[in-house]
Amino acid sequence: MATPDSPLSRDERRTELREFLRSRRARVSPADVGMPAGGRRRTPGLRREEVAVLAGVGVSWYTWLEQGRDIKVSEQVLDAIARALLLGPAERAHLYRLAGLNPPQTPSAPSAAPSPEVRRLLDAWSPRPGYVRDRHWNFTAVNDAARVVFGYGDSDHNCLVSFFTNVRYRVLHRNWAGTATDVAAAFRADAARYPDDPEFGRIAADLAAVSPEFAELWARHDVAEHTSAVKAVDHPDAGTMIFDATLLPLPEHPGHHLILHNPRPGTDTQQRLETLLRRHSLVVPHPG
């Protein structure tokens, strides 16, 4: 199998770059970018020289790029080509990768309320727990099942802070001490994505002042990234429940994640969960 740096993978990437640029060029008409049609055209879309003019690069250089030749490119030039070809954010990132560069970090949106669609999803997810957090791990929506299962109350505003300071959550979480290391490391990894954002440092400093456990873990400078986890809860009214937690990014709000919890197969978590939430009149019937 070819590695990312092998000659074969580079050749494949150049081939894909060539086809990608040609296809993007073909879909943009001169009128789309405010240029005259310039007479009859044998092929649809812009000519190579027109893309070069719009991007402010030499015609020969752009031709070599589209041919997939081994030439050096810069972020500024790729951005200019992306604008000339009217590329969307996903296409721009794809162009970067094909050219051998890492795409720039997508700016994170400020904390925003979930869309009506996401709120309906959270409601429909009940009786399973779910919530939305922003890039600073602030809760922006929590369904009733998550409040009952994890003990979240009105004073819980931040997922990280609640993990280390919510006594009820700490008692419920079976493997709190073992999980704490990963939680602190994940928050540091998220903070590193936004080095110019002082809010991460403020949250960490305030939490370290009231939580010796967090202060010790934060001082280790460990980093970790997780898109899934297993949560075991010893609930006083329902007994042990084990969930598979999945983090889903919300593209409309960069930095925000939807976290959904599903009863782990092979356990009686589903039955315990429904019994618990029935006591709170929160069970929502699901179609069979």
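Model, not experiment: these values are computed from the prediction.
Between Leu21 and Arg24 the shortest side-chain heavy-atom distance does not fall below 4.5 Å.
Listed for the Asp182 side chain is no donor-acceptor partner under 3.5 Å among the backbone atoms of Thr179. Distance alone, capped at 3.5 Å, is enough to place a donor-acceptor pair between the Thr165 side chain and the Val161 backbone. Checking side-chain atoms of Arg174 against main-chain N and O of Val233 turns up no donor-acceptor pair under 3.5 Å. A donor-acceptor pair under 3.5 Å links the side-chain atoms of Arg128 to the main chain of Trp125, judged by distance alone. Formation of a donor-acceptor pair under 3.5 Å by the Ser211 side chain with backbone atoms of Ala208 is not found in this model. Formation of a donor-acceptor pair under 3.5 Å by the Tyr96 side chain with backbone atoms of Glu75 is found in this model. In this structure, the side chain of Thr227 does not engage the main chain of Leu247 through any donor-acceptor pair within 3.5 Å. Looking only at distances, a side-chain donor or acceptor of Asn143 sits under 3.5 Å from a matching main-chain atom of Gly130. Within the 3.5 Å criterion, the main-chain N or O of His136 finds a donor-acceptor partner in the side chain of Asn158. Proximity of a side-chain donor or acceptor of Asp197 to a complementary backbone N or O of Tyr194 within less than 3.5 Å is not detected.
Partner Arg25 forms a salt bridge (charged side-chain N to carboxylate O under 4.0 Å, His left out) with one of Glu49, Glu66, Glu50 and no other, that one being Glu66.
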Can you check ring pair (Phe, Tyr, Trp, His ring centres under 6.0 Å) on His157 and Phe139, steps first, answer last?
-> CA-CA 5 Å; His157 303 294; Phe139 291 117; 8.6 Å; no
For Asp206 and Arg202, run salt bridge (charged side-chain N to carboxylate O under 4.0 Å, His left out): C-alpha distance rounded to whole Å, both residues' side-chain angles, the deciding distance at 0.1 Å, then the answer.
-> CA-CA 6 Å; Asp206 289 350; Arg202 185 199 65 76; 2.7 Å; yes
Check the pair Arg92, Asp79 against salt bridge (charged side-chain N to carboxylate O under 4.0 Å, His left out), reporting the backbone distance first and the verdict last.
-> CA-CA 8 Å; Arg92 175 173 172 262; Asp79 283 344; 2.9 Å; yes
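Arg264 forms no cation-pi arrangement with Phe243, by the criterion of a distance under 6.0 Å to the ring centre and an angle within 45° of the ring axis.
Aromatic ring pairs are classed by plane angle as parallel below 30°, tilted from 30° to 60° and perpendicular above 60°; the pair His253 and His256 is tilted. The aromatic rings of Phe200 and Phe187 sit tilted, their planes meeting at an angle between 30° and 60°.
No salt bridge links Glu274 with Arg279; every basic N to acidic carboxylate O contact stays at or beyond 4.0 Å. In summary, Asp190 and Arg193 engage in a salt bridge, as defined by a charged side-chain N under 4.0 Å from a carboxylate O. Between Arg14 and Asp70 there is a salt bridge, with a side-chain nitrogen of the basic residue lying less than 4.0 Å from a carboxylate oxygen of the acidic one.
Residue-environment remark: CD (Glu225) stays at or below the threshold of 12 foreign heavy atoms within 6.0 Å. Surrounding CG of Asp237 are more than 12 heavy atoms belonging to other residues, nucleotides or ligands, all under 6.0 Å away.
The aromatic ring centres of Tyr131 and His261 sit less than 6.0 Å apart. With ring centers used as reference points, Trp176 lies under 6.0 Å from Phe163.
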